[in-house]
Amino acid sequence: EPSPTYEVTEKGKAQTAKIDGTSLDLEVDSDDFDDLEDVDMDLLDEANQNGDRGNETLTFSINNGDKERSEARKKRTFVPILKQERIMRKLIHKLVLFSMICHGAIRNRWCGDRRLLDMLKKTVSAEIASLFHQDNADVLSVVKAKRFVDGLRKLLTVFSRKFKVTSPGIQRRDWSSTGNTTEEKDRIMSFERFMKCVKTFHGSRDVGAQAFVAVLRSMGVNARLVFSVQVPDYRSIRPVKDGSNQKGEKENPIRETNKPKSEFDPVENPNYPVFWIEVWNKYSRKWITVDPIVFKVVEVMPMRRKCKFDAPAAEESHQTWYVIAYDERNVIKDVTRRYTQFYNAKTVKKRIGFASDEDAHWYSRVLRSIGKQKGSISQAEAMELKEFHDRHVCEGTPNNMADFKNHPVYALEPQLRQDEIIYPNDETSKCGTFRSSNKSSIMPVYKRSCVHKLKTPKAWHMSGRVLKVGAQPLKTKKAHILLYAEFQTELYIPPPIIDGKITKNAYGNVEIFRPTMVPENGVLLKITRDVSMKMLENAARWVLNIDYAKAIVSFEFGKALKNKRAPTAKEGGILIDAQYKEAMLAVLDGLREQEEQEKREAVELNALRSWNFFMKKLQIVSRLDRSHGKVTHSGEDADIPLEKEEIHKEDEEEEDEEGYFKKSEASEEGGFLLEDTKNEDLAINVSTEGMMD
DNA sequence: CTGCTTTATAAGACTTTGAGTAAC
DNA sequence: CGTTACTCTTTGTCTTATAAAGCA
């Protein structure tokens with residue numbers, strides 16, 4: 001908003017602007033004309049009549065009624081963030097995710113440090129420790145399992161009494177606070193400091209959970225450090241609120257780390273743990289979740305009920321989207337499934353990689369690269385896989401319509417995209433019914449696997465597929481656009497190359513949109529940074545004299561201008577018979593070499609010409625010296641500036657000719673050079689070889 | 001209070017093989 | 001005379017995701 005050039009005082013619903021007539025300097029730009037419509041002429045007249053300084057002061061009012069309303073409307077309407085900001089958010093999301101997973105891995109390594117574990121060994125009473133390793137054969141494993149859990153409970157009680165929490169630890173930040181670089185009062189944690197914290201049983205909530213892991217591991221219990229990574233929502237396109245931003249900064253949750261409170265304030269402190277522990281109960285073969293800090297519980301996560309570690313969607317300070325478990329061997333496992341009731345319906349939609357395979361791959365690579373590679377699947381891992389599968393099945397259908405959208409397992413017909421269809425549309429594709437809470441109507445629930453994406457035959461061709469014989473369109477759009485599903489198509493097999501003869505289309509080229517579209521016996525030589533289409537064609541046509549075809553790899557769409565400009569085919573290389581591949585590569589190498597050689601020679605030639613030019617200048621100077629005597633700089637002769645000017649003039653000429661010295665001109669206005677020396681010395685211009693040495 | 005509908009906006013998907021002119 | 005490089009145009013439509021207010 002440009003600042004107004006006039007003084008404005010608010011007065012109820014109307015604004016009164018006073019403008020000093022003498023110093024009036026009002027620039028009206030086009031936007032301001034909107035405001036002119038709102039000028040109340042009556043008020044203006046009135047103001048003029050009782051103007052305090054006569055004609056010099058002009059007072060008028062702007063009726064703000066309409067403007068206010070439109071601004072209110074503007075405030076109501078939501079303007080999403082722009083593309084660049086979306087990209088930035090996604091990048092930050094990934095960056096935080098990656099660094100947090102690394103952070104967890106580092107802490108986990110600390111929790112398994114030999115020195116630390118040796119030190120902690122003595123801290124647990126033998127009575128409790130004995131419950132984790134029961135080797136009496138006559139006791140049922142059910143009983144052992146119960147005793148194991150009892151041991152955990154007792155340990156938790158002791159530990160949570162002993163451990164002093166001094167700060168809340170890691171907390172989630174959304175977009176309104178990610179930009180704040182308020183200095184963290186938490187000192188940078190070193191391993192030495194961590195050791196000290198664990199030894200003296202004090203630190204943040206996070207350190208508390210980590211210390212508990214270390215205590216368990218010191219007794220030889222298989223314990224995992226679990227980290228619920230807190231990331232901002234990259235799917236959010238809501239702009240950062242302006243008004244609440246300053247307010248938000250004031251009540252920034254970071255502030256409280258400056259002054260740790262003795263007791264947790266439920267408003268300012270998180271109600272959900274970020275770090276907790278999973279313990280493998282070898283007697284019941286289940287992972288037991290232990291939180292000694294926030295919930296102070298020891299339990300097996302429920303199957304169908306809400307999980308207490310999972311915050312509601314409205315909770316800004318905590319979201320359960322990525323739960324990472326680190327075991328004693330530093331193997332990383334994503335265990336989010338265990339802690340979210342509606343993983344398929346809600347959680348996956350917040351995770352990176354939900355809408356992009358590339359990002360999904362990125363995430364799995366992050367997990368693989370940070371964690372240690374596990375060898376064969378252990379019994380615990382097999383049990384866990386089964387557990388996750390059971391949880392997946394148990395989740396069932398969403399309980400509201402919105403959650404069916406893009407649900408990985410289920411689909412509702414009214415939510416399908418325009419180019420999607422359910423096939424087969426019969427009892428085999430239905431797997432239940434859904435009643436919207438608002439409507440009485442009941443609609444069938446379909447399996448997502450029965451939802452097929454449709455394309456036109458041309459679009460399928462672009463993906464390297466052709467319609468099977470006799471395929472009937474599953475849908476017709478706009479009367480003439482026939483749409484087919486992938487299962488109605490098959491891979492396009494181009495005609496093979498026989499005897500080096502390449503089958504071309506009506507445009508004299510071949511379409512190779514996919515690698516599968518390269519014909520048998522064919523090789524696609526692609527255009528690269530230093531191999532141009534011209535070089536490829538030269539090599540095939542003039543050097544090897546073989547049959548080839550330009551390959552169209554995609555289309556470029558400059559905006560179609562009313563039948564005038566259609567999409568243009570993009571040439572990506574040439575197609576040749578595979579038998580000539582080696583020969584072509586060799587020729588291309590040669591051509592590239594030759595091109596580079598030519599480039600080098602051009603540079604050389606240019607350099608030599610510059611040298612020639614420079615030499616000639618020297619000759620001129622020396623001739624002038626010879627015929628007019630040496631000019632000394634100390635003498636401050638009037639000749640000096642003159643001579644300088646002369647040289648400058650020639651410099652300019654050189655620039656005009658783009659670095660190439662114009663021989664004819666130089667000799668024409670030469671004047672300074674004597675005929676004989678000119679011919680002698682200019683000879684080097686031609687003999688380049690001698691010069692290079 | 002919850003969840004659906006309506007109404008905003010930005011952006012993506014979709015499309016699927018030039019012509020005329022100046023310079024070399 | 002044949003070949004090559006460059007510049008036109010500037011926004012088409014339809015669909016989707018997301019958010020927030022309104023409403024039942």
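Proteins get letters first, then strands, A, B, ... in listed order; numbering begins at 1 in each.
- The distance between atom CG of Leu454(A) and atom P of dC14(B), rounded to the nearest whole Å, is 12 Å.
- Phosphate contact (OP1/OP2 of dA17(C), side-chain N/O of Arg417(A), threshold under 4.0 Å): present.
- Taking only side-chain nitrogens and oxygens, Arg235(A) comes nearer than 4.0 Å to OP1 or OP2 of dT18(C).
- For the C1' atoms, the distance from dC1(C) to dT21(B) is 16 Å, rounded to whole Å.
- As a whole-Å value, the separation of Arg89(A) CZ from dA11(B) P is 13 Å.
- Across every strand in view, dC4(B) sits in a pair with dG22(C) that passes the Watson-Crick or G-U test at under 3.5 angstrom.
- Remark: C1' of dT18(C) and CG of Leu82(A) are 14 Å apart, rounded to the nearest angstrom.
- An OP1 or OP2 oxygen of dA17(C) is reached within less than 4.0 angstrom by a side-chain nitrogen or oxygen of Lys405(A).
- Comparing the P positions of dC1(B) and dA21(C) gives a spacing of 15 Å, expressed to the nearest Å.
- Counting any heavy atom pair closer than 4.0 Å across all strands shown, Ser554(A) reaches no nucleic acid atom.
- For the side chain to side chain donor-acceptor pair (under 3.5 Å) criterion with Asn344(A), the lone passing option out of His392(A), Lys349(A), Arg391(A) is His392(A).
- Residue-to-nucleotide proximity on DNA chain B shows that, of Asn505(A) and Lys83(A), the 5′-proximal contact is made by Lys83(A).
- Although no hydrogens or angles enter the test, the distance criterion places a donor-acceptor pair under 3.5 Å between the side chain of Arg448(A) and the main chain of His407(A).
- Judged by Watson-Crick or G-U wobble contacts below 3.5 Å, the nucleotide dT11(C) has no partner.
- In this structure, His461(A) places its NE2 atom 12 Å from P of dT16(B), rounding to the nearest Å.
- dT17(B): no Watson-Crick or G-U partner with both key distances under 3.5 Å is found in any strand.
- In the set dT16(B), dC4(B), dA10(B), dT16(B) carries the atom at the smallest distance from any side-chain atom of Thr456(A).
- Remark: ring of Tyr507(A) overlaps the six-membered base ring of dT17(B) in a stacked fashion, centroids less than 5.5 Å apart, planes less than 30° apart.
- Taking the six-membered ring for Trp and the full ring otherwise, the centers of Phe487(A) and His452(A) sit less than 6.0 Å from each other.
- Rounded to whole Å, atom P of dT9(C) lies 19 Å from atom CD of Glu556(A).
- Here Asn406(A) lies in heavy-atom contact (under 4.0 Å) with sugar-phosphate atoms only.
- Using P as the reference atom, dT7(C) and dT16(B) are 28 Å apart when rounded to the nearest Å.
- With P as the reference atom, dG18(B) and dG12(C) are 22 Å apart, rounded to whole Å.
- Tyr446(A) has its ring centre no less than 6.0 Å from the ring centre of Tyr410(A).
- Nucleotides dT11(C) and dA13(B) are separated by 15 Å at their C1' atoms, to the nearest Å.
- Taking only side-chain nitrogens and oxygens, Ser236(A) comes nearer than 4.0 Å to OP1 or OP2 of dA19(C).
- Pair assignment for dA22(B): dT4(C), on the basis of Watson-Crick or G-U wobble contacts that are both within less than 3.5 Å.
- Side-chain N or O atoms of Gln230(A) include one that pairs as donor or acceptor with a backbone N or O of Ser228(A) at under 3.5 Å.
- Without hydrogens or angle criteria, Thr433(A) side chain to Pro444(A) main chain gives no donor-acceptor distance under 3.5 Å.
- Distances shown here put a side-chain N or O of Arg238(A) below 4.0 Å from the OP1 or OP2 atom of dA20(C).
- Computed from coordinates, the Met88(A) CE to dA10(B) P distance equals 20 Å when rounded to whole Å.
- Looking at the side chain of Ala459(A), the nearest of the listed nucleotides dT15(B), dA10(B), dA19(C) is dT15(B).
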